[in-house]
Amino acid sequence: MQTWSTEVCARIARGLPTAGIAAELLLPPHTVRDHVKAVFEKTGVTSRGELVSLPYLDRATATPSTGPPSTEVG
């Protein structure tokens with residue numbers, strides 16, 4: 001994800017509204033909305049709550065690791 005999108009996501013995770021994100025990042029609100037829309041499209045989510053829950057859902061649905069991959073040549 002690009003830097004601005006990452007910054008916007010971090011503020012969404014803190015619960016900031018569009019106007020609050022715009023004020024903190026010194027961006028126009030419509031630019032913030034464009035970044036939010038782009039992030040939604042990239043991640044396939046449809047809401048801010050769903051976006052914030054992605055890391056937790058990914059961790060909860062990951063298959064258990066069986067250890068580090070083998071480095072043996074043979």
Side-chain angles (χ1 to χ4, degrees):
M1 212 176 295
Q2 296 175 339
T3 303
W4 282 115
S5 296
T6 302
E7 293 296 324
V8 168
C9 285
R11 284 156 177 83
I12 288 173
R14 288 180 30 217
L16 292 180
T18 299
I21 296 169
E24 282 196 10
L25 296 178
L26 304 175
L27 294 172
H30 71 271
T31 300
V32 172
R33 281 191 292 275
D34 288 344
H35 283 295
V36 171
K37 182 179 174 183
V39 168
F40 280 17
E41 289 174 359
K42 287 178 189 176
T43 58
V45 301
T46 58
S47 71
R48 290 173 179 228
E50 190 177 1
L51 178 68
V52 171
S53 70
L54 278 180
Y56 302 104
L57 292 175
D58 287 346
R59 217 173 301 139
T61 59
T63 56
S65 176
T66 58
S70 175
T71 58
E72 289 183 29
V73 177

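The structure displayed is predicted, hence computed values, not measured ones. Residues: numbered from 1 along the sequence shown.
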Exercise. For R48, what residues pass the salt bridge (charged side-chain N to carboxylate O under 4.0 Å, His left out) criterion, not counting sequence neighbours?
Worked result: none
Exercise. Which heavy atom of E50 sits nearest a heavy atom of G44, and at what distance?
Worked result: OE2-O, 4.4 Å
Problem set entry | Closest contact, heavy atoms only, A22 versus P28 | CB-C, 4.1 Å
Exercise. Is the shortest heavy-atom distance from the side chain of T46 to the side chain of F40 under 4.5 Å?
Worked result: no
Exercise. Going by heavy atoms in the side chains, are L25 and W4 under 4.5 Å from each other?
Worked result: yes
For this session: Please check if the side chain of R14 supplies one atom and the backbone of A10 the other of a donor-acceptor pair under 3.5 Å.
Result: no
Exercise. Are the side chain of T43 and the backbone N or O of V39 linked by a donor-acceptor pair below 3.5 Å?
Worked result: yes
[X] side, atom [atom1]; [Y] side, atom [atom2] - distance, nearest 0.5 Å:
X	Y	atom1	atom2	value
E7	I12	CD	CD1	11.5 Å
R11	I21	CZ	CD1	8.0 Å
C9	H35	SG	NE2	10.5 Å

